[in-house]
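Residue numbers begin at 1 in each chain, while the letters A, B, ... track the order of the sequences.
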Amino acid sequence: MSTPTILLIVFAISLIGAVMAYRRASTLAAAQATQLHSRPVYHASYVACWATIPSLLLLAAWLITAPILISTDIRAKIPEETLAQSELTEGLAYGIVESLGSGLRVLPADERETVTDQTPVKDLSALLRKRGVPVASAGADWMVPLAVELNALQVISRWVMTIAVIVLAGFGAGWGYKKIAPRLRARNSVEGVVRGALIAASSIAILTTIGIVFSMLFETVDFFSRISPAEFFFGTVWEPRFSAAGSTGSAGSFGFIPLLAGTLYIGAVAMLIAVPIGLFAAIYMAEYAKNRSRSVVKPLLEVLAGIPTIVYGFFALVTVGPFLRDLSTEINGLVTGNYSSFIQAQSVLTAGLVMAIMLIPFVSSLSDDIITSVPRSLRDGSLGLGATRSETIKKVVLPAALPGIVSALLLTASRAIGETMIVVLAAGVAANLTLDPFQPMTTITVKIVAQLTGDLEFDSPQTLVAFALGMTLFVITLCLNIYALYIVRKYKEQYE
Amino acid sequence: AGKQIHVAGSSTVLPYAQIVAENFGETFPDYQTPIIESGGSSAGLKQFCQGVGPDTIDVADASRSIRESEIEACAANGVTDISEVKFGYDGIVFASSASGPSFALDPAKIFGAMAAKVVKDGKVVANPNTSWKDVDASLPDQQITAFIPASNHGTREVFEEKVLAAGCEESGAKKAFMASGMDEKQAKDACIAVRTDGSISEISGDYTETLARIEANKKAVGVFGLAFYEQNEDKLKVATIDGITPSAATIANGKYPVSRPLYFYVKRAHLGVVPGLKDYVNFFLSEQMTGEGSPTVDYGLVPLPNDERAKQISDFEKGVELGSKS
Amino acid sequence: MSDATASGIASAAARSNRRDIGIKRRYAAERRFKAYGIIAIGIGLCFLAILLWSIISKGYTAFWQTEIRVPITFSEQILGTPEDALKSETKLMMANYPRIARDGLVKLLDIDPSNRKAVTAAGKLISSGTRVALRDIVLKDLSVIGTTQDVWLYASSELDSAMKGQYDLSVPENRRPISDQQLQFIAKLKADGAIAQRFNWGLFTFGASSRAETAGLGVAIIGSFYMMLIVLALALPIGVAASIYLEEFAPKNKFTDLIEVNINNLAAVPSIVFGLLGLAVFINWFGLPRSASLVGGLVLTLMTLPTIIIATRAALRAVPPSIRWAALGLGASKTQTVFHHVLPLAAPGILTGTIIGLAQALGETAPLLLIGMVAFVVNDPATPMDPATALPVQIYMWANEAERAFAERTSGAIIILLAFLAIMNLTAIFLRRRFERRW
Amino acid sequence: MENMQATFNKGRAVQAAIPIKMTSRDVTVHYGQKQALNGITLDIPERQVTALIGPSGCGKSTYLRCLNRMNDTIDSAKVGGEIRLDGEDVYDSAIDVVELRARVGMVFQKPNPFPKSIYDNVAYGPKIHGLARNKDELDEIVHISLRKAGLYKEVHDRLDEPGTGLSGGQQQRLCIARAIAVSPEVILMDEPCSALDPIATATVEELIDELRENFTIVIVTHSMQQAARVSQLTAMFHLGDLAEVGPTEKMFSNPDDKRTQDYITGRFG
Amino acid sequence: MENMQATFNKGRAVQAAIPIKMTSRDVTVHYGQKQALNGITLDIPERQVTALIGPSGCGKSTYLRCLNRMNDTIDSAKVGGEIRLDGEDVYDSAIDVVELRARVGMVFQKPNPFPKSIYDNVAYGPKIHGLARNKDELDEIVHISLRKAGLYKEVHDRLDEPGTGLSGGQQQRLCIARAIAVSPEVILMDEPCSALDPIATATVEELIDELRENFTIVIVTHSMQQAARVSQLTAMFHLGDLAEVGPTEKMFSNPDDKRTQDYITGRFG
Ligand SMILES: Nc1ncnc2c1ncn2[C@@H]1O[C@H](COP(=O)(O)OP(=O)(O)OP(=O)(O)O)[C@@H](O)[C@H]1O
Ligand SMILES: Nc1ncnc2c1ncn2[C@@H]1O[C@H](COP(=O)(O)OP(=O)(O)OP(=O)(O)O)[C@@H](O)[C@H]1O
Ligand SMILES: [Mg+2]
Ligand SMILES: [Mg+2]
């Protein structure tokens with residue numbers, strides 16, 4: 001039986017169980033004077049949980065382990081000598097066996113019966129090709145019996161699994177049903193399950209972190225075994241070079257400082273522009289705007305968050321950068337009489353400005369929701385004292401909304417740090433170390449992408465540095481976040 | 001792998017691979033059109049060397065040859081039978097805005113304009129040239145602004161070796177460097193070091209980005225692939241090198257000096273397993289795909305001479321593997 | 001106390017005079033404050049307008065495609081007789097359809113077939129993608145073989161771009177992709193009414209192609225759709241569940257601090273790193289296929305989660321505790337309290353977070369690069385396990401194409417992406433309206 | 001229900017033979033550093049009205065919230081001592097808080113209607129506890145509860161409007177209606193009549209009187225008259241201590257404690 | 001302040017010769033469709049306490065909120081008629097709402113302290129109005145206001161703690177302190193004592209008595225005794241109408257209106 005069918009049956013069983021449990025609980029409630037601990041609905045869910053959870057766990061476990069077991073079994077039967085004679089590795093040979101096996105399943109029953117251990121692979125291939133199943137030319141006769149066996153094993157495994165899962169579902173339902181009693185704490189159990197699910201959901205964040213660390217760890221260690229950490233962390237020159245064929249003397253320098261500086265600088269400029277605009281927009285929408293205009297403006301601003309960043313990048317490259325450059329030329333000309341630009345077309349300012357546009361909705365929409373949910377009584381309290389609207393907002397509403405707004409700002413800052421395309425096109429890729437916002441700079445993320453997707457040698461320091469950069473950025477933002485948590489805790493205010 | 005050919009690698013090769021794949025799908029309706037991933041030679045080869053089996057890719061495109069250490073890494077994962085296939089050249093040209101003056105360059109002039117250190121009056125100094133005219137009187141009096149590929153690009157390697165290093169040698173700067181007390185290695189490094197005073201910008205993206213930058217700054221000179229230039233001839237004006245105008249013909253006959261070979265690597269272990277893989281490679285190397293007048297050449301590929309293409313075909317047929325070649 | 005009161009009141013009288021002094025200043029502050037708000041919104045909308053204008057003005061032409069009506073002779077010479085075709089399809093499949101198309105055009109333009117240069121120039125006006133179109137006509141109905149029929153064929157991208165005026169025709173002939181002779185052909189076709197701009201359905205249905213005129217977003221739209229479904233189906237429930245746990249249930253201890261810091265940190269992880277994660281975990285470890293929208297969806301889910309969680313938590317936190325007390329005091333369990341009262345009140349904030357998260361996921365390319373979704377995929381994916389691309393990927397790839405015709409398609413694709421986004425936004429506005437209330 | 005006698009009297013216990021519904025022994029509450037209750041020992045008799053009086057901030061609400069563990073929801077609050085409902089330890093880990101709160105209902109000091117319709121506000125409790133088999137029964141419960149709380153006449157034609165749009169007193173009566181709709185065994189009322197006019201107050205007092213036949217009621221009030229009118233037992237709190245507890249008549253006529261005397265002979269509210 | 005006479009008496013005006021601070025003529029309020037006030041005409045005498053009484057939901061709070069235009073903040077509320085403060089039309093577009101509210105202060109029915117420290121809660125008003133030249137003056141204002149509201153003793157050692165952590169009654173007193181800290185000319189109090197114990201109530205009543213010397217006070221109360229004790233003029237509302245208005249003694253001894261009679265002879269709260 002196919003997995004969806006099994007799922008369907010399990011759900012059917014749990015549904016039946018649930019309905020029966022509901023009836024039973026209801027009659028219990030009616031018959032006995034004692035009150036039910038939990039409502040019949042919970043008894044029903046209780047039984048449904050018993051029916052589904054163990055059986056689905058079994059199903060999942062089976063689906064994961066059975067193929068592994070079967071494949072080790074079949075692989076063990078691959079004749080070593082024959083394999084050695086062919087050009088195939090064990091994995092490839094098994095792949096062919098597998099595709100023959102799955103091809104067998106596609107064949108109609110009468111044709112499948114004609115296939116025996118003795119069928120030469122050529123005949124089988126012909127059969128399969130007629131059904132539109134391509135077969136590798138490297139297939140050999142000895143693979144056919146294995147394919148047949150594999151197929152048989154899979155069929156058996158599936159039948160056993162089907163029966164086991166369905167029986168377990170039925171048993172679970174019965175078990176749950178039997179436990180129904182007036183004092184059964186069905187609600188608590190069901191809520192325990194819900195809670196378990198909630199905990200599982202929040203652990204995904206941790207799993208993701210672990211995953212990220214592990215997907216970068218080995219390469220990072222590899223990198224640091226070639227380039228000394230001191231050189232990386234304290235170097236002020238970023239010039240990795242292209243790893244030339246003989247890699248003679250082209251080790252390059254991997255100074256991290258200019259990238260970090262660029263990241264923080266560009267992020268800061270973007271935040272400096274986006275936060276006031278976003279916050280004021282949010283305040284206006286939440287406090288002043290008519291509901292109607294708000295419901296138009298807000299989604300419009302949200303569109304800014306959804307425009308692909310490459311579009312922003314080209315916007316910066318084609319429009320904003322040259323505009324700022326020409327503007328600076330004019331200004332310089334008017335002030336000093338010397339018509340030369342002091343803002344470069346690619347600059348920290350350009351990148352910050354364009355990135356800020358993208359970030360506006362992060363600040364505005366999230367803050368708007370938070371500000372709106374501050375209770376009216378607080379506003380009334382302040383207005384009733386003769387505060388103006390803006391005073392009310394500044395002194396009462398914003399402080400009350402602060403924890404939420406801080407979260408929104410953190411999220412915004414995070415986006416600013418993680419952005420690539422805009423920086424590449426607006427600020428360039430030159431890793432300068434400068435304080436001048438009119439000069440090009442670049443960020444860690446840009447370099448991660450560049451080093452990872454270039455034509456470099458894949459196990460040279462030039463590529464591996466991407467992992468080191470990613471890891472370092474990860475650790476830095478982690479520290480910043482720990483600090484932010486500490487700050488937020490300190491200033492957390494609860495209103496009511 | 002699986003039922004479809006899976007290719008990954010260089011974004012320079014991508015347009016050609018796309019054209020071939022599309023035509024392959026149309027010509028061989030039995031096979032599904034191959035999937036061509038883009039992501040750089042590095043990522044492509046890394047995927048390629050991940051191992052053999054249905055979950056790994058079959059072909060890696062590269063705009064450079066595979067490195068020794070990469071071959072080792074491949075071998076460590078069981079990828080030992082690799083065929084290297086060279087299918088053409090990528091011409092690298094210097095071009096400026098169509099509305100500006102034309103440039104007649106040579107490696108020495110480019111070196112003079114772009115190197116971090118140059119020789120002036122016999123002394124090694126930080127590059128003082130601000131206008132092309134300062135470099136050579138024959139060049140237009142225009143501020144030096146150039147967009148060159150960033151160091152993650154294969155093109156950069158070619159640029160450094162065939163332009164900067166050559167120009168360094170030609171102009172005698174290398175000798176002067178060594179005379180000033182640098183050893184061989186330092187001099188070599190100095191030859192390919194690009195000035196960082198802001199007049200030269202690196203581009204880590206594609207040529208579209210370079211083009212956009214040149215449109216925004218009409219005085220700039222940029223480095224492009226020949227194919228890209230040919231598609232945008234109405235916007236760009238190409239510079240001659242040593243008096244030679246780059247074209248498929250001048251590159252193929254070796255007159256134009258700046259070009260690089262393009263490759264793809266085939267996992268031989270997959271040949272019998274992935275349907276159509278062999279046909280794909282042969283189709284790629286066929287006259288109608290990469291020969292004279294083929295769509296890839298229309299697009300800008302510099303084709304291999306016919307005999308060399310024939311050799312690639314026969315090498316592949318014979319199963320000549322990496323390593324066994326040299 | 002009455003002393004204090006007396007003095008307090010006395011000074012109060014004095015104070016009440018002073019109070020008037022500030023009022024002008026405070027109103028000015030108020031007006032300024034309000035103006036800042038309007039300016040901020042103005043700036044935002046202004047940027048939006050500029051961006052949209054620049055996209056739409058560049059991209060709207062992509063929705064039209066030039067087609068040529070060509071009298072096609074399905075010659076038996078090239079295709080073989082219908083009887084042959086019944087025996088073996090190979091000849092039909094492999095036949096030189098572009099040649100048939102070119103011959104048709106040559107006839108239409110009255111060119112001397114021996115003038116090779118003119119024939120080639122004419123041939124370049126028709127898309128080389130005609131092979132499939134003509135083959136489909138023949139395969140559908142073998143009886144066309146030997147007849148001549150008028151067929152609308154896609155024009156080549158050069159012709160298309162020329163028709164749309166995207167070439168600078170003032171430059172010398174040898175520096176532009178379209179020659180004077182071809183321009184004459186075009187003029188003649190126009191005069192004959194054999195050329196037309198038709199709505200470009202292909203842009204929505206075709207897969208990737210190296211020819212601009214047959215390149216479409218079909219695969220990308222399906223891929224993006226699958227991925228958004230996966231992200232919505234996973235990220236929203238998981239994100240909301242995680243936020244609920246953290247805000248409402250979790251004891252305040254080191255473990256929850258750890259989760260909290262983790263989530264905030266994940267929001268700052270560059271998206272390409274999620275690609276590394278996807279490659280390592282989903283492809284190399286779980287053995288899921290490369291280039292599949294399933295993997296893309298999972299990676300984007302992980303990437304979107306922090307955004308949704310942070311927004312949801314902020315929204316949950318903004319629900320006043322008295323609501324919770326009211327429900328708890330009635331004997332509602334914590335779960336009931338949360339799901340019946342707190343969550344609906346937090347819904348607008350959750351929706352905002354989801355929208356922003358989805359918008360981000362919808363426009364993301366970098367992580368897809370490493371899991372093989374930045375690829376040339378021609379065949380429509382039937383399931384999320386099949387190779388596919390995504391809208392931003394197609395935009396990214398087209399943006400890097402050299403051919404002029406891809407430039408308008410890039411903008412056209414962005415318009416379609418924004419339309420996708422608009423649909424999502426509209427749904428959210430509708431839902432948000434329903435849930436929003438002030439108290 | 002065991003007819004548990006007040007075995008632990010300490011001179012303050014209620015007259016014997018009246019069954020005890022809830023007992024508390026040495027209940028202390030800390031809000032962070034600050035101690036709000038310093039060991040309260042009090043028995044709450046079944047089917048009687050117990051009034052808690054005392055100056056503002058003395059801990060009445062805090063004590064009330066201990067009885068159905070609403071203090072659990074305040075992070076900083078720490079509860080010590082022992083509270084029993086029908087002999088079961090309320091703070092026992094085996095106890096089901098939700099069930100406890102369903103049995104011991106509460107009306108809060110500040111009216112806190114849900115931002116839902118008036119009908120849904122009242123119907124919510126019966127719905128989650130499954131007290132109605134169908135819509136008609138639910139309607140009936142809602143109507144009866146609203147009527148008992150004296151709100152029905154004012155709102156019967158706008159049951160669909162939000163509960164937050166009501167006047168202060170109406171909101172408070174809505175909360176009362178909501179609490180009695182789930183018919184708990186014990187009802188805790190924190191100043192239920194403070195926002196009510198005399199007529200509504202009378203209605204609520206009548207309701208309390210009526211409820212007393214079947215339910216146990218604990219009421220916090222600032223009105224001595226109200227305490228005198230509705231309660232059988234009165235407990236006087238002072239600065240976190242239980243100053244005195246005794247039958248209402250005695251408390252108001254002849255209090256033992258000096259503080260009680262001072263308080264109830266103060267000007268009346 | 002012009003000593004404006006009640007020129008528009010309609011048989012309900014206050015005894016002559018007492019200057020009128022605020023007048024209202026035919027004030028109507030609609031909440032969306034629902035009419036909450038059906039034309040209230042009432043004069044509020046200067047330096048006197050006017051009590052508004054009436055059953056819950058009759059529109060007392062609504063009327064009070066009209067006087068300092070707090071109804072502006074409710075989207076659905078529409079106010080008609082005319083209200084004058086010292087002869088100036090309060091709803092005139094030329095009038096300055098902020099100044100108006102600074103002159104006509106308000107204490108709300110539900111205590112709503114800001115999520116700030118106790119000190120900041122009280123200091124907020126004086127700060128925004130610039131009533132204190134320096135920190136010392138501000139401290140003084142805060143201390144005096146807290147003392148007047150009878151809260152100082154309880155909170156003087158924790159002025160830095162959040163106002164939301166106070167007990168219900170404490171919060172209400174905090175809100176009173178906050179309102180008087182800006183020393184408005186008119187103080188509107190919506191059931192200021194409903195959450196207060198008798199002692200605190202007495203403090204507030206004393207305060208009202210004291211404030212009356214300099215300020216005009218309008219107070220909503222459900223306690224007839226309170227109305228009788230503190231007010232000089234009493235207005236009785238009923239279902240959005242002004243049932244009767246008159247000097248307090250007369251109202252409580254010999255009301256003209258049948259509804260008033262019924263109401264005040266009901267059981268007292
Ligand atoms: N959440 C809290 N955090 C800190 N302290 C609190 C909190 N709630 C109450 N308190 C303090 O505990 C003490 C007792 O408060 P409680 O609310 O029990 O008083 P109460 O007797 O109900 O007074 P009232 O009659 O004014 O409502 C008060 O001093 C109060 O300030
Ligand atoms: N925001 C609102 N939206 C809709 N109706 C409202 C709103 N506020 C009050 N009402 C209605 O207006 C009428 C008068 O309300 P108001 O608050 O003035 O009563 P009140 O006299 O203060 O009563 P209480 O003594 O209970 O506080 C009531 O019927 C109430 O339901
Ligand atoms: Mg209290
Ligand atoms: Mg009121």
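Shown here are the side-chain hydrogen bond (donor to acceptor under 3.5 Å, both in side chains) partners of Ser365(A), two or more places apart in sequence or in another chain: Glu302(A).
Within a 6.0 Å sphere centred on OH of Tyr27(C), heavy atoms belonging to other residues, nucleotides or ligands number more than 12.
Heavy atoms closer than 4.5 Å to chain A are found nowhere in Leu391(C), neither backbone nor side chain. For chain A, the nearby part of Ile272(C) is the side chain; its heavy atoms alone come within less than 4.5 Å. Interface remark: Leu279(A) contributes no atoms to any contact with chain C (heavy atom separation under 4.5 Å). Contacts between Leu370(C) and chain A at a heavy-atom distance below 4.5 Å involve the side chain alone, from C-beta outward. With a 4.5 Å cut-off on non-hydrogen atoms, Asn264(C) touches chain A through its backbone and its side chain both. Using a 4.5 Å cut-off between heavy atoms, Leu305(C) contacts chain A through its side chain alone, with no backbone atom that close.
The structure places CD1 of Ile238(C) at 10.5 Å from OG of Ser202(A), a figure rounded to the nearest 0.5 Å. Annotation: the span from Ile482(A) atom CD1 to Glu260(C) atom CD amounts to 11.5 Å, rounded to 0.5 Å.
Phe280(A) places none of its side-chain heavy atoms less than 4.5 Å from the side chain of Ile39(C). Contact check for Arg317(C) versus Ser407(A): side-chain heavy atoms found under the 4.5 Å cut-off.
Among pairs with a residue in residues 33-48 of chain C, none fulfils salt bridge (Lys or Arg N to Asp or Glu O under 4.0 Å), at least two apart in sequence or across chains. Residue pairs satisfying the salt bridge (Lys or Arg N to Asp or Glu O under 4.0 Å) criterion with at least one member in residues 189-216 of chain A, sequence neighbours excluded, are listed as follows: Arg187(A)-Glu191(A).
Of all non-hydrogen atoms in Tyr284(A) and Gly37(C), the two that sit nearest each other are CB-CA, 3.7 Å.
Residues from residues 413-420 of chain C that place a non-hydrogen atom less than 4.5 Å from a non-hydrogen atom of chain A comprise Ile414(C), Leu417(C), Leu418(C), given in numerical order.
By number of non-hydrogen pairs under 4.5 angstrom with chain A, the leading residue of Leu266(C), Ile310(C), Val273(C), Val281(C) is Leu266(C).
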